[in-house]
Amino acid sequence: MSKSVRVRFAPSPTGYPHVGNIRTALFNWLFARHSGGTFIVRIEDTDVARRVEGALEAILDGLRWLGLDWDEGPEVGGDYGPYFQSQRLELYREAAQRLVAQGDAYYCYCSPQRLEEMRKEQARRKQPPGYDRRCRNLSAAERAQKEAEGITPVVRFKTPLEGQTKFNDLIWGEVVVENSTIDDFVLLKSDGYPTYHLANVVDDHLMEISHVLRAEEWLPSVPRHKLLYQALGYEMPLLAHLPMILGPDRTKLSKRHGAVSITEYQEQGYLPEAMVNFLALLGWSLDDKTEIISREELVRNFSLERVSKTAAIFNSEKLSWMNGVYIRSLSLEDFTQRALPFLERGLPPEVERPLSIDYVRRIMPLIQERARTLAEVPELAEFFFTTELEYDASLLIGKGMTQESTIEALKSAQQRLSELERFDEEPLEAVLRSLAEELGLKTGQLFGVLRVAVTGRTAAPPLFQTMAVLGREKCLSRIKAALEKLAPKLC
RNA sequence: GGCGCAUUCGUCUAGUGGUUUAGGACACCUCCCUCUCAAGGAGGAGAUCACCGGUUCGAAUCCGGUAUGCGCUACCA
């Protein structure tokens, strides 16, 4: 009978929610939900100096936005709390003291300055960096002397000098490391906070974590953890290291590559469901063809066996395509509701607020199939809202047309449109098609002229639908404005 | 420098000894649809599976070496 699955996402509030970290959270969440296990969020706030204000909220908001709900952790509590490492200091201290008492760890009094000089020296002599173990075998008298000097020590792990440490990773297989390449790493800092290594091992044990799913960059530190588990007499959880996410230049994805925080994607109008789909496919695949896959299918099919080992480059063009697919699949009302805040925020300030929801509802069908992100919606729809259109008059003159023929076309269109009974799509199309024929113009020529006059651009939603939404009054005044733009050129 | 890991179209990937003239997707190109754009449809181009050697009747798939890349090497996570 296998233990129940308990996995954790353990972010450090030292920065904003990086998509790489969020992908790790997603995989943990998917794994938990797939196996009916427990998804835990634990805050690793042991680095007091690097703590960033607001980072914690941003991380939790990111998880919530993507729908990655946690069963234990901040705000929800749980039986294994507290879930902030800063509130578990006593636990780490006890563990560290026990290790010292057992002879598996020792106090180190070396100053940061000395350590830095030591590292410089090692670098100069091209030797592998690492603590030189000066304090490993201090006598009781020597220790008393240092204490008397008022030095607060750190606790270091007494790494075995010989032998090797082996472990098995669910994704990478067996890895073997010589103990001689591992130095005596710090367990407890002089400020009383634990390092990641200690806190992580103690908490994963106490919280009964069954599987550790985390980024590949942790792979090299597993031997230390294994040694710690052994010294503490704990059973080590199963391990699965996830491939990294890289920028287009193949280095660790960072600020230089553009948006890296999940909150930025939210602001840029990506849909959470698209984001989940895209992130899931970064390092995992269902088969040889599935691209669009729902959250439910993801949960149903997720497995560690299908996680790849190779680092993936974040392809934002593909994300953008995928987001477009999701946008188009939304119901019109859903799309409208999601686009509304972006419109309120993104439309020019002179547009009257609040926006008329009825008017917006009529516009959105024309926008939905053209937007790749919600943030594009205001730009695509702007001409529906503004009173003045700004464009170059030369755009009005279509292919194979002259100023004169353009003016003639505009004038006769003006005439017909004002006489039209119903200003709807079908009658508009009928009247304008026959007008083109009368004028001896190709439909494309006439429609092109009108498109620019009415929208101010050469690329826009279908003309008749657009005109119908704009209404007769606006269309006529815009045609008039177009004529005025062209008229001075005649003189 | 040391240690570890990886290497299939530009990118994400499928592929776990023969069904592969290596499949799909994004991006790109052509054509169709069409009032422009978008979407959609049909095609195309694009990978000597990093390289070298070995095992085998047969290797992208197994083994060894080389190269390249990435990660780690903190009183950071």
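What you see is a predicted model; the values in this text were computed from it and never measured. Only heavy atoms go into these numbers, but all of them, side chains included; no hydrogens, no water, no symmetry mates. Order of the sequence lines fixes the chain letters, A, B, ..., with proteins taken first and strands second; residue numbering starts at 1 for each chain.
Counting heavy atoms of neighbouring residues, nucleotides and ligands inside a 6.0 Å radius, atom CD of A/E390 does not exceed 12 of them. In A/K189, the NZ atom is crowded: over 12 heavy atoms of neighbouring residues, nucleotides or ligands sit closer than 6.0 Å.
Between the CG atom of A/L242 and the P atom of B/C70 there is a distance of 20 Å, rounded to whole Å.
For the atom pair CG of A/N277 and CD1 of A/I292, the computed distance is 5.0 Å after rounding to the nearest 0.5 Å. Rounded to the nearest 0.5 angstrom, A/N28 CG and A/R214 CZ are separated by 10.5 Å.
Remark: nothing in residues 19-26 of chain A comes within less than 4.0 Å of RNA chain B through any heavy atom. Across residues 88-97 of chain A, not one residue has a non-hydrogen atom less than 4.0 Å from an atom of RNA chain B.
Pair assignment for B/G40: B/C32, on the basis of Watson-Crick or G-U wobble contacts that are both within less than 3.5 Å.
A donor N or O paired with an acceptor N or O is not found under 3.5 Å between the base of B/G1 and the side-chain atoms of A/Q122. Taking 3.5 Å as the limit, the base of B/C70 and the side chain of A/R250 contain no donor-acceptor pair of atoms between them.
In terms of phosphate contacts, A/T46 brings a side-chain nitrogen or oxygen within less than 4.0 Å of OP1 or OP2 of B/A77.
For the residue pair A/S320 / A/N323, no side-chain donor-acceptor distance below 3.5 Å is found, with atom types taken as modelled. Between the side chains of A/Y193 and A/Q85, not a single donor N or O lies within less than 3.5 Å of an accepting N or O. No side-chain N or O of A/D47 forms a donor-acceptor pair with one of A/Y196 less than 3.5 Å apart.
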